[in-house]
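See structure below.
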Amino acid sequence: MASFHGNKINPNRFGFGQVKFYVFLIPLGLVMILPIVFMFSQALKPLDELFMFPPTFIVQKPTIENLVTLLSLKDMTVIPVTKYLFNSVVVSAAVVALALLTSAMTGYALSKKKFKLRKTLFEINTIALMFVPAAVTIPRYLVVEKLGLINTYWGHVLPLLALPVGVFLVKQFVDQIPNELIEAAAIDGAKDTAVFLRIVMPLIKPAMATVAILAFQTVWNNAETSSLYMSKETLKTFAFYMTTLSTTIGNNVAGQGVAAAAALIMFIPNLIIFIFMQSKVMDTMAHSGLK
Amino acid sequence: MKLKPKLRLNKPRREAFIGYMLVLPWIVGFLLFMAYPLYFSLFMSFHKVAITPYGIQTTYLGWDNYKDAFLTDPAFIQKLLAFVKSTVVMIPIVIVFSLFVALLINQPIRGRQFFRAIFFLPVVITSGEVVQELFAQGAATIPLMDQSGVIAYLEDNLSQAWSSPLIDVIKRFILILWYSGVQILIFLAALQKVNTQVYEAAAIDGASPWVIFWKITLPEVKPFILVNLIYTTVDLFTNTFSDVIKLIQDNMFQVGTGFGYSSALAWIFFAVVLVVLLLVAWLFRNRENAAYAGNGR
């Protein structure tokens, strides 16, 4: 709504007009930051503080004791923790890249290409969004086994590629691109690949960044593929390693702090990806030219 | 647009072909990892499933699993109803809140980028175990609400059936805020597509910001409201936080009930979600048509 400020005389010097926005933004913003603060503070709490009643929200005497314990525990296992980390990075990168590609292609085709099954496919996708993932665990295992994906990297990657949310979001964004724009490009001689890469992709960047964030989270935090489809320890991911750490020692009192530290370590990459991606989301939206 | 006749003849077919090629990877993935598992879980829901060393053994039960869910299971229907009620109350709150925030962070204020980042932040929080951890620690409740007597007032004045979901919503208010990250983003994208000249013109014609919101902004973001409604409904119903999903997972590895029964529960839940979603979409579409007719064009 930049413009009706534009009608006022000297709008930029008017501080008072903005106060009413801050009144809402600052408290709500604080609420949004709370969980992050909580995660850090929980991981830094010494043991006595973790079990204090009433619980404190912000750590009083921060210590890195929990993180140190966590790191020393890593020496106990035969396989170096870097191996788990490597697996996680490879798998995450593959899932994010492939999920982006398939979501974008599918979303684009479902929105702009005319073919018979178009509507049906999209409806099926929307319906698939709603199903409880846990209910399909056993059948999925059977499929993975039949395809020979047990103990391969593909076993981590392929099951997670079916990301109905991605297709849903991308399709909704591509819908907003005027057909005229694509037709104009086609008349100028652009092939489908060029239309897709040069016109559609830049315009749906906000959706793509969102899908990337969602896909990364799904794969990075996923311990299920490791525990179900991988029997070789060297193929398991960092998320799995973290859950074993916090469950083997997490049940006793001392483990609580370690679990909090593990949760923090698992969470940080999410935060980094988010910070990186969200700037992409916000920057491109302003200049998308989608009017 | 004038195309050569030769091209025009081939175009629909070529387009359909390219369309299918683009969708193909998704279709294959979907068939393997969604469609077949879904079919198989439907199959299991009519069977007693036992996992033995020799593989999975199934005995046909007919509708027994479903009957049990409705007639003998004390927890399921009760939890399902409670959950549906509180979720139905939450959906509009999430939508209104996210539209409100999107409008706010679309204003020309200082630190806009910063606030945008903050309000999108919940997206990384609400997935996974972080949010559960937080809720378990009591970080998601507002102590003020308990003290101010709002809850007691609701308990006194409403029937048990409606006061408990409402109280639930109040208690989870912060959680609601955390669940609106993607919705805020979608609304923000929609708001930024609105041509600023339209606002300018309206302001020159003497429209107040209030009128501008109802007459220009809202119609412009309308398609995205439906998108958000669907997204929110799905997101709230399928998050790990749901009691019903927990119940389904618990049943999965119980000897007495097992996978067959939990599949049946999952399908009942799925049917309920579908009904809610269709209802939401239908209500919204109906409204839109009425408004369109009311324009008197």
Side-chain angles (χ1 to χ4, degrees), chain A residues 1-7 18 21 24-25 28-29 31-35 38-39 55 57 102 105-106 108-110 113-115 121 126 128-132 134-136 138-140 143 159 161-162 167 172 176 183 192 206 210 213 217 221 263 267 270-271 274 278 281-282 285-286 290-291, chain B residues 1 15-16 18-20 22-23 25-26 29-30 32-34 36-38 40-41 104 106-109 113 115-125 127-128 130 133-134 137 139 174 177 182 185 189 192-193 195-196 199-200 203 227 234 237-238 245 248-249 259 263 266 269-270 273-274:
Chain A
M1 288 191 198
S3 46
F4 57 73
H5 282 279
N7 299 318
Q18 298 187 2
F21 299 130
F24 290 105
L25 279 175
L28 289 174
V31 169
M32 295 300 188
I33 295 185
L34 276 183
F38 182 75
M39 292 227 52
F57 193 82
T102 48
M105 277 174 16
T106 314
Y108 168 57
L110 289 182
K113 294 285 167 192
K114 290 187 181 65
F115 52 94
L121 286 176
T126 315
L129 268 176
M130 291 175 282
F131 207 80
V132 189
V136 292
I138 286 195
R140 265 198 191 163
V143 171
L161 282 186
V167 174
Q172 301 296 348
Q176 304 298 314
E183 275 159 18
D192 275 291
T210 316
I213 291 173
Q217 284 195 301
N221 299 327
F267 176 68
N270 287 325
L271 193 63
F274 166 78
Q278 78 83 21
V281 174
M282 305 305 175
M285 261 181 339
L290 277 179
K291 297 274 181 188
Chain B
M1 223 189 27
E15 197 179 305
I18 293 170
Y20 281 118
L22 286 171
V23 189
W26 177 80
F30 184 85
L32 286 175
F33 295 105
M34 287 301 284
Y36 174 74
L38 284 182
F40 196 82
S41 89
L104 278 177
N106 200 31
Q107 301 291 335
I109 50 165
Q113 288 294 334
F115 280 114
R116 284 183 183 177
I118 286 178
F119 284 103
F120 194 41
L121 199 60
V123 176
V124 289
I125 301 161
S127 81
V130 182
E133 179 81 6
L134 282 166
Q137 301 280 345
I174 294 186
L177 306 195
V182 172
L185 175 85
Q192 295 197 330
K193 276 183 220 150
N195 194 337
T196 45
Y199 290 131
E200 242 159 78
V227 174
V234 169
F237 270 109
T238 57
I245 291 181
I248 293 173
Q249 281 171 335
F259 241 92
S263 298
F269 185 60
F270 173 71
V273 178
L274 194 63

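So you know, we letter chains A, B, ... as the sequences are listed, proteins then strands, and number each from 1.
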task = Drop me the distance from A/Leu121's CG to B/Phe30's CZ, to the nearest 0.5 angstrom.
result = 8.5 Å
query = Shortest non-hydrogen contact from B/Ile18 to A/Lys113?
reply = CG2-CE, 4.1 Å
task = List in chain and number order the residues that pass ring pair (Phe, Tyr, Trp, His ring centres under 6.0 Å) with A/Phe115, two or more places apart in sequence or in another chain; answer none if no residue qualifies.
result = B/Tyr20
query = Under the side chain to side chain contact (heavy atoms under 4.5 Å, CB included) test, which residues partner B/Ile118, sequence neighbours left out?
reply = A/Met32, A/Ile33, B/Phe114
remark   = Looking only at A/Leu161, A/Val143, A/Leu25, the option with the highest number of non-hydrogen pairs under 4.5 Å against chain B is A/Leu25
task = Heavy-atom pairs under 4.5 Å with chain A are the metric here; pick the option from B/Gly29, B/Pro25, B/Gly19 that has the most.
result = B/Gly19
query = What are the two closest non-hydrogen atoms of A/Pro139 and B/Phe40, and how far apart are they?
reply = CG-CD2, 3.5 Å
